[in-house]
Amino acid sequence: MKPAAEPAHARTASGRRRSAYPYALYLPAAVVYLVIFLVPTVMAFYFALTRWTLFDSSFVGLDNFKDFLAEQNLRVGFWNTVFYAVSTSGLKVILGLLLGVLLTSRLRSRGFLRSAVFFPVLVSTVAVGITFSMLLKPDTGLVNQVLGPYGRDWLGDASTALLSVALVDVWKGVGLATVIYIAGIASIPEEYYQAVAVDGGSAWHRFRHVTLPLSWPATYSVIILSFIGGLRSFDLIWTMTRGGPGFTSDTIASIIYKQYQAGFFGLSTAGNVLLFLLVTAIIVPLTYVLGKRQVEL
Amino acid sequence: MKRLTAEVCALVLAGVVFLVPFAFILLTAGKNQVEATALDFAWPTEWRIVENVVEVVEARDYVLLRAYVNSTILTVASVAGIVVFAAMAGFVLQRRTGKVGNVANFLVLSGLIIPPAIVPTIWLLQALGLFKTMPGLILVEVAFGVPYAVLLYRAFVAAIPRELDEAAMIDGCTGFTLFFKVIFPLLRPVTITVVLTASVAVFNDFVNPLYFLPGDDNATVQVTLYSFQSQYSTQWNLLFMDIVLITIPPLLAFVFFNRKIVAGMTAGAIKG
């Protein structure tokens, strides 16, 4: 009797547990996500192969992608996107780590400094873009007044436009990297630092052999986050240069907008697919490599 | 002594780099039109704060006020959707593992990484009759905002003991009742975090309103600021007053809830 009763009891118990967490709870999120995000993402792979007016589309094969690779003003966006993502995330890692170390030290003003560094993260990108466009103006802008003879037309010159926007992006985003590093450094057990102190290690030793290796999870997060943000960055570039002068500071995201405005919906969507491939091609291996490094430590 | 010098240096440098742009915004916003054109740091001879506020608000038939109303509706509705939908999903996702859970986890990560396909989304919204409508834009913000919120909720639910669910089940609470009566109130701390981070993100969003809700009638504050940029190419005092007015909501959030916001933005990051 007993052995027979036990499984039956277990079955009802597990049956009850199952129904306690019904999949129906997924439903609202799933419907919105699938319809508004996933369906367009999948459909993009088809529409990218068409000449498309929203109402009807004719299949043109890989023509849109050929345009992207053949036309100079489209191809430049591809490399600009990579440059922008690499330079912004590199600088955010370096400056975020430095500020993180500084702001976890025993500075009396660290509360104030943390706030000052973090606040730009919450300010609208459009506002930041407009403000820095003014500060970077060739004749009257503050930056050039300070630099004097070394000043130049930062946003009007093809060789500095994208770099200038990238630096403003770092200004706005480094606060997030900093607070991530602060959280990471704060979670390092005090014993490690005591061990270095016992061995008579210098501040550099503390940084090089404790802080740097043990804040690796923070570095990992900062790199991934700023890469994802940098690759799809649009609003700052659009408010500061509109992709100009000419098309020299265009990124894939700004080309998507330009082609959309011009009515080339198929070409615009091909840009989206390229961006998707670029993001996947960079983020997936990066996650793998960085994640592996994390395990080894 | 050495420490003090270093501290002073750090303070001055951070002050210059991070505060000067804001000082510039405030100074220019208070100047008259002629002085603002200089774009310098000269102290305004007269403060025209009230006049400039009035002029910006009245510009183009009160477009800024309408934009504020639009942005408020958009933010409140989107954040409400994100909170409820993501909390429900995060709860099941943490409690019930299996194939469905694996798929859901994969979709959450995809949602964080994949850039949205713009024109196909417009095509789809048009097919549903939601393109260029506020409900359409709200759905877009919810769809794009849910994945990160699910991550935060999933992590928080993990800290709520299952014994609590079981106790509630003995009282006959399962499914939706269990979630809304027992679990959701317990999620309050993380809900506040989600509300703050999502509000800042939606309120500051420029790209999605630009694509999915174009037109002056529906403009959100960010889009208004963008169109002011070309319109006010000579009236920089008004442009910067507009920036000041638009920065007030995030500033208030920052002043009162700084810690919560930082916690929300770093929570997902440190665990990876």
Side-chain angles (χ1 to χ4, degrees), chain A residues 16 19-23 25-26 28-29 32-33 36-37 39-41 43-44 47 54 102 107 109 113 115-120 122-127 130-131 134-135 137 140-142 176 179-180 183-184 217-218 220-221 225 228 232 234-235 239 256 260 265 268-269 272 275-276 279 283, chain B residues 7 10-11 14 18-19 21 24-25 38-40 85-86 88-89 91-92 95-96 100 104 107 111 113-121 123-124 126 139-140 142-144 146 165 169 174-175 178-179 200 204 206-207 222 225-226 229 239 243 246-247 250 253-254 258 262 265-266 269-270 272:
Chain A
R16 202 180 294 150
S19 65
Y21 309 119
Y23 285 137
L25 283 166
Y26 276 131
V32 177
Y33 179 90
I36 307 289
F37 180 75
V39 169
T41 302
M43 287 308 286
F47 284 124
L54 277 190
L102 182 73
L107 284 183
S109 51
L113 285 176
S115 304
V117 172
F118 184 69
F119 183 57
L122 304 181
V123 176
S124 105
T125 315
V126 181
I130 292 175
T131 306
M134 296 299 177
L135 291 172
K137 283 222 174 237
T140 46
L142 177 76
L176 184 56
V179 294
I180 290 174
Y220 170 80
S221 305
L225 279 178
I228 294 175
R232 57 165 85 168
F234 169 75
D235 27 15
T239 36
I256 290 172
Y260 161 69
F265 297 148
S268 172
T269 308
N272 250 130
L275 191 56
F276 172 89
V279 168
I283 297 296
Chain B
E7 178 160 1
L11 258 177
F18 287 98
L19 297 182
F24 173 73
I25 294 174
L39 288 174
D40 58 10
F85 295 179
M88 288 162 70
F91 173 60
V92 207
R95 284 295 196 253
R96 197 167 166 182
V100 178
L107 291 178
I113 294 171
I114 298 172
I118 305 290
V119 192
T121 310
W123 165 79
L124 191 104
Q126 197 141 47
L139 286 176
V140 167
V142 172
F144 297 171
V146 148
D165 306 2
M169 279 179 233
T174 56
L178 168 67
F179 175 75
V200 172
N204 280 343
F206 169 65
V207 184
Q222 306 302 331
L225 181 59
Y226 169 73
Q229 188 187 6
L239 183 62
I243 291 180
I246 281 171
T247 310
F254 172 75
N258 188 9
V262 170
M265 287 183 166
T266 52
I270 290 303

With sequence neighbours left out, what residues match B:D165 under side-chain hydrogen bond (donor to acceptor under 3.5 Å, both in side chains)?
A:Y21, B:R95
Side chains of B:I113 and A:V279 in contact at under 4.5 Å (non-hydrogen atoms)
yes
Heavy-atom distances under 4.5 Å only: say whether B:I25 touches chain A with side chain, backbone, both or neither.
side chain
Which residues pass the ring-ring contact (aromatic ring centres under 6.0 Å, His included) test with A:F276, not counting sequence neighbours?
A:F45
Chain A heavy atoms under 4.5 Å from B:F24: which part of the residue, side chain, backbone, both or neither?
side chain
Among the listed options B:V92, B:V140, B:I243, the residue most often paired with chain A at heavy-atom distances under 4.5 Å
B:V92
Please determine which of B:L107, B:I114, B:L139 meets the side-chain contact (heavy atoms from CB on, under 4.5 Å) test together with A:F37.
B:I114
Using 30° and 60° as the class limits, which term best fits the ring planes of A:F234 and B:F206: parallel, tilted or perpendicular?
parallel
Of A:A29, A:S268, A:P120, A:G141, the largest count of non-hydrogen pairs under 4.5 angstrom with chain B goes to A:A29
Side-chain contact test, heavy atoms from C-beta onward, threshold under 4.5 Å: evaluate it for B:Q229 versus A:T239 and give yes or no.
yes
Under 4.5 Å from any heavy atom of chain A - which part of B:Y226
both
Measuring heavy-atom distances to chain A, does B:V200 have an atom under 4.5 Å in its side chain, in its backbone, in both, or in neither?
side chain
Heavy-atom proximity to chain A below 4.5 Å, by part of B:I118
both
Determine the option with the most heavy-atom pairs under 4.5 angstrom with chain B, choosing from A:I36, A:V39, A:D235.
A:I36
Picking from A:I228, A:I130, A:T269, which has the most non-hydrogen pairs under 4.5 angstrom with chain B?
A:I130
Output the option from B:P250, B:A14, B:P116 having the highest count of non-hydrogen pairs under 4.5 Å with chain A.
B:P116
So, the part of A:I283 with a heavy atom under 4.5 Å from chain B: the answer is side chain
Chain B interface, residue from A:V123, A:T41, A:L176 that has the most non-hydrogen pairs under 4.5 Å:
A:V123
Counting heavy-atom pairs under 4.5 angstrom with chain A, the leader among B:L239, B:L19, B:V146, B:V119 is B:V119
Value for CD1 (B:I246) from CG (B:N204), rounded to nearest 0.5 Å, stands at 9.5 Å
Under 4.5 Å heavy-atom distance to chain B, tell me which part of A:L113 shows up: side chain, backbone, both or neither.
side chain
Which label fits A:Y26 and A:Y23: parallel for a plane angle under 30°, tilted from 30 to 60°, or perpendicular past 60°?
parallel
B:F254 side chain near B:T247 side chain, heavy-atom distance below 4.5 Å
no
Is it the backbone or the side chain of B:A253 that comes under 4.5 Å from a heavy atom of chain A, or both, or neither?
neither
For A:S124, is there any backbone N or O sitting under 3.5 Å from a side-chain donor or acceptor partner on B:Q222?
no
